[in-house]
Enquirer: 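Quick one: the structure is below, and I'll ask about it shortly.
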There are 2 protein chains.
Amino acid sequence: MTQHEEQQTLQTYEQLKLCNQLCFPLYAASKEVVKHYRPYLKKLDLTYTQYITMMVLWEKREINIKELGDCLYLDSGTLTPLLKKLESKGYLKRSRLPADERNVMVTLTQTGSDLRQEARDIPGKMGTCVKLSQDEIQELRNLLHKLLETL
Amino acid sequence: MTQHEEQQTLQTYEQLKLCNQLCFPLYAASKEVVKHYRPYLKKLDLTYTQYITMMVLWEKREINIKELGDCLYLDSGTLTPLLKKLESKGYLKRSRLPADERNVMVTLTQTGSDLRQEARDIPGKMGTCVKLSQDEIQELRNLLHKLLETL
DNA sequence: TAAAATTAAATTGTGTGCAACTTAATTTCA
DNA sequence: TGAAATTAAGTTGCACACAATTTAATTTTA
């Protein structure tokens, strides 16, 4: 192996280190942030995935599963059982759309709407445990959105 | 409700929108990036979690489960079955440490070491599908590391 | 030094997350 | 128009991910 080839091999292996990855800190940070939500969500008897689902419903009141999946980057395999669970808690109703029976509409109930009150403080509380400046948070959010768009 | 209170309520609810969250783009981007790894990892018959585990082993050759969990932000509940699977594929050996029988040492095998060759191209291929500049990637990585440290 | 506390893995149970497939409804187009 | 293609949900199976608990080994300390 020539010196140049050896150099290349080292560089290649260097890239296989965890610390040089973009993906790994993304994966780890995502899990850690969700972990910080859990104690607050537990009080509402919601998981993180159930929480972001409710966030969409608080905003839109009504949405079909396909669109919901597009919002949340989740498929019906994940959403169907999750929505059944939220329905059993009384937070939403599921019903086939008469105009196109393939579609299932998910509609916020009064109970589900009321839950928003109890969730009000969560974003603020989370904000205080993230020790980044407002500028850094904005910058991070921008980069993540850019990354998401390109994928 | 006074105008001021109404204003505050609106602001509070504004923060409960998905687009104003930091956590959600983090969660979504993480999943999407992992999804892009999958076709490459499938050729090596590895899941993403198995891949990052192998990355640690390629770097350290030998590590106990506790430390591995600290590296990967994973606990024994996730790692024990995952390591058994990697052991059954012949990539590593697990053995109790004689000096302290509570510890299980995980050691890279020759087969596991050879796998590194086949994984060599993955970081480069992933790099090309992330449409961010080198500066942006570096900035994103820095912010994520900073976020991880503070949590 | 022996009981109490701590520690590391493993186990159990629940909830995603997703690929692959099935089912049923609707749309396309030959 | 009627068969083929497409679409939306649901189902199945596998692999995490983690809280909570258990087990076994080691360390602390009364």
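To find a chain, count down the sequence lines: A is the first, B the second, and so on, and within it residues start at 1.
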Enquirer: Would you say NZ of B/Lys89 has more than 12 non-hydrogen atoms from neighbouring residues, nucleotides or ligands within 6.0 angstrom?
Expert: yes

Enquirer: OP1 or OP2 of C/dA20 versus the side-chain N and O atoms of B/Lys42: is any pair under 4.0 Å?
Expert: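 Yes, B/Lys42 has a side-chain N/O under 4.0 Å of OP1/OP2 on C/dA20.
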
Enquirer: So, are B/Glu87 and B/Lys84 salt-bridged, with charged N and O less than 4.0 Å apart?
Expert: no

Enquirer: Quick one: which of D/dA15, D/dA9, C/dA9 gets closest to the side chain of B/Thr47?
Expert: D/dA15

Enquirer: When you measure from the side chain of A/Ile65, which nucleotide among D/dA9, C/dG15, C/dA24 comes out closest?
Expert: D/dA9

Enquirer: Taking the minimum atom-to-atom distance to the side chain of A/Asn103, which one of D/dA9, C/dA25, D/dA17 wins?
Expert: D/dA9

Enquirer: Want to settle it: does B/Lys85 or A/Lys66 sit nearer the 5' end of DNA chain D, counting the closest nucleotide to each?
Expert: A/Lys66

Enquirer: Taking the basic N atoms (NZ, or NE/NH1/NH2) and the acidic carboxylate oxygens, is any pair closer than 4.0 Å for B/Glu149 and B/Lys146?
Expert: no

Enquirer: Heavy atoms under 4.0 Å, any strand shown: does A/Leu79 hit a base, just sugar-phosphate, or nothing?
Expert: nothing

Enquirer: Nearest to the A/Thr80 side chain among D/dT11, D/dA8, C/dT16, which nucleotide is it?
Expert: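 Of D/dT11, D/dA8, C/dT16, D/dT11 is nearest to the side chain of A/Thr80.
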
Enquirer: Output the single nucleotide from D/dA20, D/dG10, C/dT16 whose closest atom is nearest the side chain of A/Ser76.
Expert: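 Looking only at heavy atoms from C-beta outward on A/Ser76, the closest nucleotide is D/dG10.
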
Enquirer: Hey, is the side chain of B/Tyr27 poking within less than 4.0 Å of OP1 or OP2 on C/dG17, counting only N and O atoms?
Expert: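 For B/Tyr27, the contact criterion (side-chain N or O under 4.0 Å from OP1 or OP2 of C/dG17) is met.
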
Enquirer: Nearest to the A/Lys35 side chain among D/dC18, D/dA15, C/dT11, which nucleotide is it?
Expert: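 Shortest atom-to-atom distance from the side chain points to D/dC18.
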
Enquirer: The side chain of B/Val104 is closest to which nucleotide in this list: C/dA9, D/dT26, D/dA19?
Expert: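 Per side-chain heavy atoms of B/Val104, the pick is C/dA9.
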
Enquirer: Could you work out which one of C/dA9, C/dT26, D/dC16 sits closest to the side chain of B/Asn64?
Expert: C/dA9

Enquirer: Need to verify one output field. Residue with the more 5' nearest nucleotide on DNA chain D, A/Thr78 or A/Glu32?
Expert: A/Thr78

Enquirer: Quick check on the hydrophobic clustering: are B/Val130 and B/Val33 connected, directly or via other members, by side-chain heavy-atom contacts under 4.5 Å?
Expert: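 Yes, same cluster.
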
Enquirer: Can any side-chain N or O of A/Gln21 pair as donor or acceptor with the backbone N or O of A/Gln15 at less than 3.5 Å?
Expert: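 Present.
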
Enquirer: Look at B/Arg94 and C/dA10 and indicate whether a side-chain polar atom (N or O) is within less than 4.0 Å of OP1 or OP2.
Expert: yes

Enquirer: Any side-chain N or O of B/Lys84 under 4.0 Å from OP1/OP2 of D/dA15?
Expert: no

Enquirer: Among the nucleotides C/dA25, D/dG10, D/dA25, which one has an atom lying closest to any side-chain atom of A/Glu101?
Expert: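 In terms of side-chain proximity for A/Glu101, the closest of C/dA25, D/dG10, D/dA25 is C/dA25.
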
Enquirer: Counting side-chain heavy atoms from CB outward, which of D/dT6, C/dT16, D/dA19 is closest to A/Leu82?
Expert: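 Nearest to the side chain of A/Leu82 among the choices is C/dT16.
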
